[in-house]
Amino acid sequence: MMKISVRLLFTALLTAAMLLVAFGAHALDAGGRLRAQGDFEQDQDPRGQFTLNAWAKLFPELEGDATAELLIEGTILYVVDDFAAADLEYFTARATLPGRLGDQSVLGLRGGRYQLTDSGGLVVDHRADGVSLSLDYPRIGLRLAGGYTGLLLKQNASIRMSAEDLTDLLDEQTTTASPRLIALFELSFPEVVLRQNVLLGGVAQFDRQSGDEDLIDTQYAYLGLNGRLFPGFYYDTVALAGGVQYTDDALDIDTSGIMLAASQRFLIFMDALASSVISMRALYASADDDEFKAFMPITQPDLVTLSPIVASDLLFGSLEYSLRPFGGADSHVLQNIGLTGYGAAVFDADPTGDDAYRGTEAGGRISLRPFSDIGGSIQVGAFVPDEGDTTVYGRIEFSTSF
Amino acid sequence: MWLTLITLAVAPLFGQSAAQVDAILAADPLSLGDAAYLAVMSSGRIPPEASAEQAIALLEMLAVRAEHRDRFSDRELDSEATLGEFSYMLMLAHDISGGFWYRRIPGPRYGLREMRYRRLVQGQSWALQPLDGERAMRIIGRVMALREGQ
């Protein structure tokens, strides 16, 4: 596996070198990032990982206001006492072409290995090999994107939808990530009225596993509203309905159903009060019951908690408060100390059911950014379950870019 | 129209005539001498009637702790300035503090990184990118806004 990854990486670097010669060395930027992360969980062995990224960007010259860029980024991932892997993180060609389809149009093209993300934030945020097209006008934006995840390295991927995905993760013969074909369509209407934005989107995901193991295909349609309600007060609402189809030829299973999800977020910025930020979030993800199927995103949405919470059969509410208590200090180091406190309550999707309340996580984070290119944070959280013992989690992160 | 607006906005800043500022704005590419003059003049460290040679000399003095102290003097004043060099000049002249790597390896590369981080340089950028007068003026406008905000 390591050999294949290194070969991929080497091919990318060789391609970069050839393009460098073609475009000239002057239109080039390059750099790297080092990131270290330690995760701790009560009564478990700590887990440490180091990620070293090296990237290069080439800038071909285009006519007029048009810009283009080729990004090549390699990663070496080392998980202590577990594995080391080299991966081609990104290989993305991007072009931005203003005025090609009307005076106020901006046409964007991307291709290669890139980050495929839905704007609603509930379905997918993952690298994929494919293409993306966007066309933006002042009042409307269109985005079409597609990608395949089966060529990614499995250790550096996070798509876990089926039992087969988990089996492959443990299988030493399998080197690549869950093979999913993803297609995305979005229409956005920026600042329709009073700085309110509307988003309409859809994602279809096709399981490309071969053989007669379990297959899960999913489709998602979502409507989003976001914008500013008052000065410093922002919101982001997403409502999603989707379809899911399970098939397993070996077990003669063929079933389908509808799944639901919704997310509501408020952000309040209070610059005068030590740069305070209050973030409130509610998340609903349907359960497997008589009416609906369990919500199953392609990748899990980001939540503030350290305890592992899966967006399925879930009602989740969190409140987070961040501030920079020494923002007015003379010291640059003190100015950039951030403190965060948070609490998150976790329920089953139907909060009226028996034992629906699962527990609450409360915690805090200290973040430091003494320089623009060095930062770190320490987060500690305790999950207090409805029944059973409290579990304490911790995370230490450090990163530098050079 | 855009050039006129920039000219009106920055001419008083340098105590220059609109014609002189127009000449710098129209420069494409901007010369190393003009870049040094703009960077140092906008910081108020030299009077408007000073020369590009004086601006370069001051930059070298300010860079005395840096490893690249001879970076500018070994170049012709009418050679092309790069975006990285201009960023480094502005950081020296305006005493903009840099990141960890800039402090250890001061120069155009990490100078530009810091200017990008602070959003003083926007859009597609790399250290060896040629620079024109109009873009240089926009960057100076943002640097001045940063200073006024501090």
Side-chain angles (χ1 to χ4, degrees), chain A residues 16 19-20 23-35 55-72 92-98 106 108 110 271 275 327-336 368-376 398-402, chain B residues 1-3 28-30 32 66-67 75 79-88 90-91 94-132 134-135 138 142-143 146-147 149-150:
Chain A
L19 289 166
L20 191 62
F23 290 116
H26 65 282
L28 167 78
D29 196 6
R33 274 193 309 277
L34 175 67
R35 186 167 177 270
W55 57 266
K57 281 182 184 174
L58 301 168
F59 304 96
E61 200 167 323
L62 298 183
E63 294 282 323
D65 292 338
T67 58
E69 177 184 301
L70 177 68
L71 166 68
I72 298 160
T92 313
R94 181 163 54 188
T96 305
L97 310 167
V106 179
R110 271 194 303 179
D271 289 344
S275 303
D330 291 334
S331 160
H332 186 70
V333 175
L334 285 176
Q335 279 176 19
N336 288 295
L368 301 159
R369 183 158 285 280
F371 302 106
S372 57
D373 45 13
I374 286 186
F398 165 83
S399 67
T400 180
S401 53
F402 47 88
Chain B
M1 177 67 179
W2 175 237
L3 285 174
D28 185 10
L30 192 68
L32 193 75
E67 292 176 12
R75 300 265 312 276
S79 62
E80 293 179 14
T82 66
L83 184 59
E85 285 170 335
F86 187 56
S87 299
Y88 183 39
L90 284 168
M91 290 192 66
H94 287 265
D95 199 22
I96 298 170
S97 62
F100 177 82
W101 295 106
Y102 176 84
R103 289 168 192 233
R104 268 129 201 92
I105 317 168
R109 174 183 167 76
Y110 290 112
L112 176 59
R113 288 281 187 91
E114 187 66 27
M115 296 283 281
R116 269 201 306 234
Y117 176 78
R118 293 171 181 262
R119 298 191 56 75
L120 299 173
V121 170
Q122 297 178 7
Q124 210 170 47
S125 59
W126 61 94
L128 295 176
Q129 188 174 16
L131 178 70
D132 61 40
E134 189 182 326
R135 189 177 193 187
R138 284 183 192 165
R142 291 186 206 111
V143 171
L146 173 78
R147 285 182 55 176
Q150 285 177 339

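If you're wondering where the values come from, they're calculated on a predicted model, not measured in any experiment. Below, read A as the first sequence line, B as the second, and so on, with proteins coming before strands; counting in each chain starts at 1.
- Of the two parts of B:Thr82, neither the backbone nor the side chain holds a non-hydrogen atom closer than 4.5 Å to a non-hydrogen atom of chain A.
- In this structure, CE in B:Met115 is found 7.0 Å from CZ in B:Phe86, a value given to the nearest 0.5 Å.
- Residues that satisfy the side chain to side chain donor-acceptor pair (under 3.5 Å) test with A:Thr92, not counting sequence neighbours, are absent from this structure.
- Scanning residues 329-336 of chain A against chain B with a 4.5 Å heavy-atom cutoff picks out nothing at all.
- Proximity to chain A is limited to the side chain of B:Tyr117, based on heavy atoms less than 4.5 angstrom apart.
- Using a 30° and 60° split on the angle between ring planes, B:Trp126 and A:Phe59 fall in the parallel class, below 30°.
- Formation of a donor-acceptor pair under 3.5 Å by the A:Asp373 side chain with backbone atoms of B:Phe100 is found in this model.
- For B:Arg135, the salt bridge (charged side-chain N to carboxylate O under 4.0 Å, His left out) criterion is met by no residue, not counting sequence neighbours.
- Each of B:Leu83, B:Asp28, B:Leu32 was checked for a side chain to side chain contact (heavy atoms under 4.5 Å, CB included) with B:Leu131, and the lone residue meeting it is B:Leu83.
- With a 4.5 Å cut-off on non-hydrogen atoms, A:Thr400 touches chain B through its side chain but not through its backbone.
- For the salt bridge (charged side-chain N to carboxylate O under 4.0 Å, His left out) test, residues two or more places apart in sequence or in another chain that qualify with A:Arg33 are A:Glu73.
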